[in-house]
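Below, read A as the first sequence line, B as the second, and so on, with proteins coming before strands; counting in each chain starts at 1. What's counted below: heavy atoms across the whole structure, side chains too, no hydrogens, waters or symmetry copies.
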Amino acid sequence: MSDLLAHLNPPQLAAVTLPAQHALILAGAGSGKTRVLTTRIAWLVSTGQVGPHGILAVTFTNKAAKEMQARLAAMLPINTKGMWIGTFHGLCNRLLRAHYREAGVPSLFQILDSGDQLSAIKRLLKNLGVDDEKFPPRELMHFINAHKEQGIRAAQAEAYDDYTGRRVALYAEYEAQCQREGVVDFAELLLRSYELLTRNEPLRRHYQQRFRHILVDEFQDTNRLQYAWLKLLAGHGGTTPDAAGASVFAVGDDDQSIYAFRGAEVGNMRDLEREFQVANVIRLEQNYRSHGNILDAANALIKHNRGRLGKNLWTEAGAGEPIRVFEGFSDIDEARFVVDEIRELVREGVSRTQIALLYRSNAQSRVLEHQLFSLGVPYRVYGGLRFFERQEIKHALAYLRLIANADDDTAFARVVNFPARGIGSRSAEALQEAAHRANSSLYNAAAGLGGKPGAAVGHFVRLVETLRAETANLPLPETVEHVIEKSGLRQHYLSEKEGQERLENLDELVNAASNFVQEEADTIANNGDAGALASFLAHASLEAGEHQAGEGQEAVQLMTVHAAKGLEFDVVFITGLEQGLFPHENAAQERQGVEEERRLMYVAVTRARRRLYLSHAQTRMLHGQTRYSLPSAFFEEIPEGLLRKISRAPAYAATPPSRKASAYSAEALPMSQTSANGWRIGQNVQHAKFGCGVIVAAEGRGPEARVQINFGPGGMKWLALEYAKLAPA
DNA sequence: CTCCCAGTTATTTTT
DNA sequence: TAACTGGGAG
């Protein structure tokens, strides 16, 4: 046990060995947060304060849950499988499977991922004859999820106007449809298990007494429902706090809260402190990742935010290099600089996997990729389609879902005519119609219809029935294999010209099933083969798999700043640091928007271990138009002394820029972009009220003429030339 | 049913 | 610019 606590710094040690009371750990970037969390659990268990049974550890991502699981397995001589360690959604799934009757869901309920949910909503609108122009499915989905994440059911939702009234009604219809089909979306997993525990007192007491210690990772990312769920499990559910409740150990960093846009409430940190009367707030401020200059920059930047819980990172490592700043005259120029610099670093021996290229939005990767590709630098882009989201995989899973639950209309609609078997839109509509009238599932309607609108529908029903019968006693991997074969999926992709990769993925699905069976052997043994299929399907929905994109080993890493959270690299390039892009212009409108952008920048900066580059471009191709921007306001928020402006290394300076000759001078800008009244796009101007800006766009002539100006911190403004008092700057 | 064209739109994303 | 969607034609 003593080596368990060895090498912990004083605050870390204090956090790990805190008595069984509520605690809030403010863990700065690179301060050993995961280590504290796992060591805390290991310490609690190995000192006999609590059995593995009494632990509940919650994370946001499967990756984090797995890492915690693995580290614990290495620290403790016991089987860690008995502990409840997982994501919010994974744990709720577990709860609902265990108590499906009490929760009012079928034993083999299916989980809709966001794509499935969207198709379910589209189908609902079609069935009800609702105009999807007036009620865009995406918007409705967001409306429904936002309500669920606030713990609000359709019955309680406020209809403050006619339009919202309609949306609430659709929310109610959606709930009914899900219930009928025996499916549950992501938000529903949480809400349903929250309601289960609220309404079922014996069950609630059982879990409240069972879990003695609740540990939460990335607490700043919790939404309201997740917080309420934690409160309930910790015994803070009723008006009378339960004396026998669990101790909550929450670890988070308000400065790294970057998911407000999807419902995260940083305020939960303060609420926890207040409502749980947290006496133990511990700050982990010693950073083991970055050199001093990088931390100083991060600290100075984040100081511009208000209402922080407060934290200042420091390191024992030296100051290190200054932060390098580069200004390109175009996005292409910027990319060229970045790639030249990368090649130089690689030549000096830096591993490409230790170089990260970060950007605010995915579209920015294009130019960078182009440059990397043309100079033959291996790279890997994060994001994009993941394994279980690929269409061939979703198709195969849909067949499996129908076997497990014939009422799953989303799965039915997906594959009833895939591979094509002559069930076109008219048969599909007839089916929808029949199902709607009979208030039954598509599958039942199809079975009841017999063979009337063409034998094809009957064929499909029989196919599914045959598949179900034939796979009833097969082990999971064989079931998957069988379904791929007999559904005609393999045949279909065999004859498709681009089908090769899809076939490989289908084979990979069989492998995934084998691995799953092996890993979950003990869990599955209790539930039988039907249980194995259901848990595999849940696994597929809850864990979409790796962001697979060219597993190239020695490759430069490209990703959005969001995707970089939690990662670290020796060398980091933050690109596109321009006003309007980063901070993003849409954020200026949102409440607290700019502060969230600043936290995003803080996350980006603190990814770097040894060297940090900040780059921006004067012009950039955006939505097919050339945009002119000022450097990001964030440059002003970092002490000048930490920054060093650099220009291209002499050897590369000679490379002729392609898009425009002679950079850096406004005169070089194309005259075709000249607007009325002598003002030019790209020109720097001064405005009495808004200060300095750049003309970004222009329209109209004479007295109608308007120009759009990017005023940096002042935002983007359209001004009529006739009235605006502009002066050249 | 499939293919093609025109129109639309354009932060960030895990489960 | 480019990617995706929906509608219409073959």
Q: For each nucleotide in nucleotides 2-10 of chain C, reading 5' to 3', give B when a protein heavy atom comes within less than 4.0 Å of its base, S when such contact involves only the sugar-phosphate, and - otherwise.
A: SS-------
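- Stacking here means ring centres nearer than 5.5 Å and ring planes tilted less than 30 degrees, and by that measure A:His584 stacks onto B:dT11.
- Take A:Glu568 and apply the salt bridge (Lys or Arg N to Asp or Glu O under 4.0 Å) test, not counting sequence neighbours, and it matches A:Arg289, A:Arg609.
- When distances run from any side-chain atom of A:Thr87 to the nucleotides B:dT15, B:dT13, B:dA10, the shortest one goes to B:dT15.
- You'll find that the side chain of A:Phe186 is closest to B:dT15, out of B:dT12, B:dT15, B:dT2.
- Among B:dT15, B:dT13, B:dT11, the nucleotide with an atom closest to any side-chain atom of A:Glu590 is B:dT11.
- For A:Arg627, the salt bridge (Lys or Arg N to Asp or Glu O under 4.0 Å) criterion is met by A:Glu585, not counting sequence neighbours.
- Ring centroid separation for the pair A:His492 and A:Phe418 comes in under the 6.0 Å cut-off.
- Among the protein residues, A:Tyr259 comes within range of the sugar-phosphate backbone only, with heavy atoms under 4.0 Å from sugar or phosphate atoms but none that close to a base.
- Between A:Asn586 and B:dA10 there is no side-chain N or O to OP1 or OP2 distance below 4.0 Å.
- Here A:Arg386 reaches the OP1 or OP2 of B:dT15: one of its side-chain N or O atoms lies under 4.0 Å away.
- As rounded to the nearest Å, C:dT5 and B:dT12 have P atoms that lie 16 Å from one another.
- Between A:His562 and A:Tyr259, the ring planes lie tilted relative to each other; the angle falls in the 30° to 60° range.
- For A:Phe60 and B:dT14, the CZ to P distance is 13 Å, given to the nearest whole Å.
- Look at the P atom in both B:dT13 and C:dC4: the space between them is 16 Å, to the nearest Å.
- The side chain of A:Arg360 lies closest to B:dT12 when the candidates are B:dT12, B:dT14, C:dT1.
- Among the atoms of the strands shown, none is found under 4.0 Å from any heavy atom of A:Asp221.
- Judged by centroid separation below 5.5 Å and plane tilt below 30°, A:Phe261 does not stack onto the base of B:dT11.
- One cannot find a donor-acceptor pair under 3.5 Å joining the base of B:dT14 and the side-chain atoms of A:Ser114.
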